[in-house]
Amino acid sequence: MSVDWKPKIVGFACRWCAYAGADLAGTSRMKYPPSIRLVRIPCSCRVDPSFVVRAFQRGADGVLVAGCHPGDCHYTTGNYLTRRRFSLAKRFIQYMGIEPERFRVEWVSAAEGGRFAGLVEEMTEDIRKLGPNRKMRERL
Amino acid sequence: MRQLQKQLRQEAEDAFADGHVEVFIGYQEGFERARPVPVFVRDRESVQEMVLNEFSGVSLSKYLLREAERAQEDASIGIVARGCDGLGIERLLYDQCISREQLYIVGVGCPGVVDPEKAAQLCGEIPVAAEVEKQQVVLQTSSEELTVAKEEVLRDKCLKCDDPTPRIYDALLGEEIQRGPVRQNRFDGVEQLEAVSDDERYEFWVRQFDRCLRCFACRNVCPACSCVTCSLEEEEPQWLKRSTSSSEQFMFHFTRAYHVAGRCVSCGACEEVCPVGVPLMLLNEKLLKDVGELFEEPSPHLPSETEPLGEFSYDDPEGWRGEAGQS
């Protein structure tokens, strides 16, 4: 592990809730680690589980998929499908050997800036303890 | 089985005589007696080429896609189906790849198929014939006869089979076989792998995937893998590179298995056709197990009108919590 390694987390955030939640954390001047790179998506169900594998391939140390709380989906049912898909995908990725701390699925509403900041902090700390991810990683 | 082969040829011949069957998918003698290969019989005279024995178990259902594409509109396609192929055919029917009216299914009540590799190890040579009896299997080589337990010589998938007889057929050879699994817990292998550490599991899969030649046989034989455009072949965006690096192998095997999640009929064809023995069913069974647990599907491998990942209920669990290491 190099001395200056810092965790890199790819976050897929639903534009209607989690992305707005992250925005709120920013405008409220909450502090959280700069380890997360957010990718704005129209709905958490836009995230194909292959995106997660691709992120690990390309050097992510952690992946976060964040969407609206069940019942709050802008498109009514998108996050219910997310829940089914990622219930399987999360277990499956772990079954292939990725540590569970490296990949999380969470519900974050547009009002939960504090929760978003806390989540990033928690994940960053967990991943710092694990060290850089080498699994599924492409050799450059 | 001798008897069944005779019946099969008769069924096929009658079907051709009626004139509505254009092609009959079955098995013919391979290079070795213990390795029959698929055959596409197109006329009445060739029916005698068809064989049906204790070794003829290669999955046939996926060939229906191509034959359906070629067939004349009103002609039907005949196919021999053991229980596993029966489920494969159901899968294709529910996916609307073929229509039931197009098919003439000759079902077989299957007592299990003999694995030629296992048999060769027991006999010291590849046997020329076999007979599956109630508890045991009689293997016949060029010089001797050997009686062994079923567990020792049937294919792994047959030892876990819940569905020896197809649920749909137009004619049935032999008797319907009602049978639970010979080996009780079908998820033994998955549970063993779940019990080891994440690092060990990763190393295990690296070793398995290292052998993969990316021949796509697992995908091509799979009755649940019937997309016209496959994400694994697309070039824009290119989800899968052609390289067989460890990283790309994970992408390939993750995607292949996940894309049939909730739709896998557990026929075991992928693992069977794999030339390098990647334990693909260990991936499929993990998904089957989780679909069963999370979405309360008692028999997640049986095809039905709805698919577990095509629907949801308002009180579904969050499968990533608890044991999956997330609070």
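Just so it is clear, the structure is predicted and the values come from calculations on it, not from any experiment. In what follows, every chain begins at residue 1, and chains take the letters A, B, ... in the order their sequences are listed. Scope of the values below: all heavy atoms of this structure, side chains included, with no hydrogens, waters or symmetry mates.
- At a 4.5 Å heavy-atom cutoff, the contact between B/Val291 and chain A is made by backbone and side-chain atoms alike.
- Rounded to the nearest 0.5 angstrom, A/Arg104 CZ and B/Arg321 CZ are separated by 7.5 Å.
- Under a 3.5 Å cut-off, the side chain of B/Trp320 and the backbone N or O of A/Lys90 do not form any donor-acceptor pair.
- Atoms CD1 and CZ, from A/Ile98 and B/Phe250 in turn, are 7.5 Å apart once rounded to the nearest 0.5 Å.
- Comparing A/Pro70, A/Ala89, A/Ser50 by heavy-atom pairs within less than 4.5 Å of chain B, the highest count is held by A/Ser50.
- B/Leu287 CG to A/Phe92 CZ: the interatomic distance, rounded to the nearest 0.5 Å, is 4.5 Å.
- The closest side-chain heavy-atom distance from A/Ile93 to B/Tyr258 is not below 4.5 Å.
- Contact count against chain A (heavy-atom pairs under 4.5 Å) is highest for B/Leu193 among B/Thr255, B/Val196, B/Leu193.
- If you measure heavy-atom distances from B/Pro317 to chain A, the contacts under 4.5 Å come from the backbone alone.
- Put simply, the side chain of A/Arg85 never gets that close to the backbone of B/Leu309: no donor and acceptor are under 3.5 Å apart.
- Annotation: the span from B/His259 atom NE2 to A/Asp48 atom CG amounts to 5.0 Å, rounded to 0.5 Å.
- Atom CD of B/Glu194 and atom CZ of A/Arg91 lie 8.5 Å apart (nearest 0.5 Å).
- Looking at A/Arg58, the atoms closer than 4.5 Å to chain B (heavy atoms on both sides) all sit in the side chain, from C-beta outward.
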- CA sep, side-chain torsions, deciding dist, call: B/Glu248, A/Gln57, side chain to side chain contact (heavy atoms under 4.5 Å, CB included): CA-CA 8 Å; B/Glu248 293 300 326; A/Gln57 281 187 316; 3.6 Å; yes
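- When heavy atoms are compared at a cutoff of 4.5 Å, B/Glu203 does not approach chain A at all.
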- Message: Please evaluate residues A/Lys135 and B/Asp199 with respect to the criterion side chain to side chain contact (heavy atoms under 4.5 Å, CB included), reporting the C-alpha separation (whole Å), side-chain torsions for both, the decisive distance (0.1 Å), and the verdict.
- Response: CA-CA 9 Å; A/Lys135 293 172 183 170; B/Asp199 288 348; 2.6 Å; yes
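- Heavy-atom distances place both the backbone and the side chain of B/Val190 under 4.5 Å from chain A.
- Heavy-atom pairs under 4.5 Å with chain A peak, among B/Ser313, B/Ser197, B/Ser231, B/Gly310, at B/Ser313.
- At least one donor-acceptor pair closer than 3.5 Å links the side chain of A/Arg83 to the backbone N or O of B/Tyr314.
- From A/Leu88, atom CG reaches atom CD of B/Glu293 across 10.5 Å, with rounding to the nearest 0.5 Å.
- For B/Glu296, the CD atom sits in a loose shell: 12 or fewer heavy atoms of surrounding residues, nucleotides or ligands are nearer than 6.0 Å.
- If you measure heavy-atom distances from B/Glu200 to chain A, you find no contacts under 4.5 Å at all.
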- Query: Can you list the steps and then say if B/Ser247 with A/Glu138 is a side chain to side chain donor-acceptor pair (under 3.5 Å)?
  - Reply: CA-CA 5 Å; B/Ser247 174; A/Glu138 266 174 14; 4.8 Å; no
Could you list the donor-acceptor pairs under 3.5 angstrom formed between side-chain atoms of residues 211-221 of chain B and any protein atom two or more places apart in sequence or on another chain?
residue, atom, partner, partner atom, Å
B/Arg211, NE, B/Val276, O, 2.7
B/Arg211, NH2, B/Gln208, OE1, 2.8
B/Arg211, NH2, B/Gly277, O, 2.8
B/Arg214, NE, B/Gln249, OE1, 2.9
B/Arg214, NH1, B/Lys241, O, 3.1
B/Arg214, NH2, B/Ser243, O, 2.6
B/Arg214, NH2, B/Gln249, OE1, 3.3
B/Arg219, NH1, B/Glu233, OE2, 2.7
B/Arg219, NH2, B/Glu233, OE2, 2.8
B/Asn220, ND2, B/Phe216, O, 3.4

- Message: Using the rule given for side chain to side chain contact (heavy atoms under 4.5 Å, CB included), can you reason through A/Arg84 versus B/Leu294, listing the C-alpha separation, both sets of side-chain angles and the distance that settles it, and then say yes or no?
- Response: CA-CA 9 Å; A/Arg84 282 227 159 177; B/Leu294 291 163; over 6 Å; no
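- Take A/Asn133 and apply the side chain to side chain donor-acceptor pair (under 3.5 Å) test, not counting sequence neighbours, and it matches no residue.
- Put simply, the side chain of B/Trp205 gets close to the backbone of A/Tyr95: a donor and an acceptor are under 3.5 Å apart.
- The backbone N or O of A/Met136 sits less than 3.5 Å from a side-chain atom of B/Tyr202, completing a donor-acceptor pair.
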